[in-house]
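Below you'll find the structure, written out as structure tokens, and then a few comments.
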Amino acid sequence: MELLDKLNWRYAAKAMNGDTVPDEKLQNILEAARLAPTSSGLQPFEIIVIENKELKEQIKPVAWNQSVITDCSHLLVFAAWDTYTKERINYMFDLTNDIRGFKNEGWENYRQMLLSSYPQKDAEENFNHAAKQAYIAFSQALAAAAFEGVDATPIEGFDPDAVDKILGLREKGLRSAVLMPIGYRKENEDWLVNLVKVRKPMEDLVTVMK
Ligand SMILES: Cc1cc2nc3c(=O)[nH]c(=O)nc-3n(C[C@H](O)[C@H](O)[C@H](O)COP(=O)(O)O)c2cc1C
């Protein structure tokens, strides 16, 4: 299966060579993230695409000095909403009505249900829920990168508060959740590139209940 071949090809690149990912491939990776399913379709996150060398250099020390932060082509920052607000929920429901061209009673009742629950919840709880949605898009982008023959390193090894400050995310109601440098592997400097991929056996992962 072609998808599985690509997923076997991908790995968490530890060294990149600085080559630029063509815009068409970048756009396909971002589109895969945009198409990801999210809870209630709210897409409660944004993706910051960093090309700027100085910004990458500022982020590297607060991301465990991982070389891929500066040697990547683009650094994608998946930033989740800091909380759910009435405005944010209404925006997505209104957008749905605009695009589909009609209002639906069931959909409007669902909107009211979300409006009467999410905004009243603790912001931290809401952020954690939003961050989970960002990870779904993150995973789709990771697979799309592999499909495009582009390397991508999932990165949680960073100080989110520091990254938020560098990028001014809090002012925009966002908090960094996970990073994804994309680029091209530097095989001669990457200790992981030739190691066999390790995954637990299927029987330890999947339980079939008949
Ligand atoms: C959410 C997430 C965060 C990760 N953070 C880092 C990281 O900060 N640095 C790193 O080198 N690898 C990181 N990894 C890579 C994992 O260690 C790697 O995906 C895992 O060992 C499986 O290996 P593979 O991706 O090469 O198949 C992360 C992976 C995920 C999914």
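Just follow the structure's listing: the first ligand is 1, and inside any ligand the first atom is 1.
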| said: Can you pull out every ring pair (Phe, Tyr, Trp, His ring centres under 6.0 Å) where at least one residue sits in residues 156-198? Sequence neighbours excluded, please. | reply: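 Passing the test, one end in residues 156-198: no pairs.
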| request: Could you pull out all residues at least two apart from E46 that satisfy salt bridge (charged side-chain N to carboxylate O under 4.0 Å, His left out)? | output: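 For E46 there are no salt bridge (charged side-chain N to carboxylate O under 4.0 Å, His left out) partners, ignoring immediate neighbours.
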| E31: salt bridge (charged side-chain N to carboxylate O under 4.0 Å, His left out) partners, not counting sequence neighbours |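 With sequence neighbours excluded, E31 shows a salt bridge (charged side-chain N to carboxylate O under 4.0 Å, His left out) to R34, given in chain and number order.
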| query | So which residues, sorted by chain and number, lie with a heavy atom under 4.0 Å of ligand 1? | reply |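 Ligand 1 pocket, heavy atoms under 4.0 Å: R10, Y11, A12, K14, Q66, Y135, P154, I155, E156, G157, L192, K197, R199.
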| task | For Q120, look at atom CD and say whether over 12 heavy atoms of other residues, nucleotides or ligands are found less than 6.0 Å away. | result |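 Result for CD/Q120: enclosed.
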| Where does the angle between the aromatic ring planes of F78 and F45 fall among parallel (under 30°), tilted (30 to 60°) and perpendicular (over 60°)? |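 Ring orientation, 0 to 90° scale: tilted.
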| request: Identify the heavy atoms of W107 and S40 that sit nearest to each other, and give their distance. | output: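 For W107 and S40, the tightest heavy-atom pair comes out as CH2-O, 4.2 Å.
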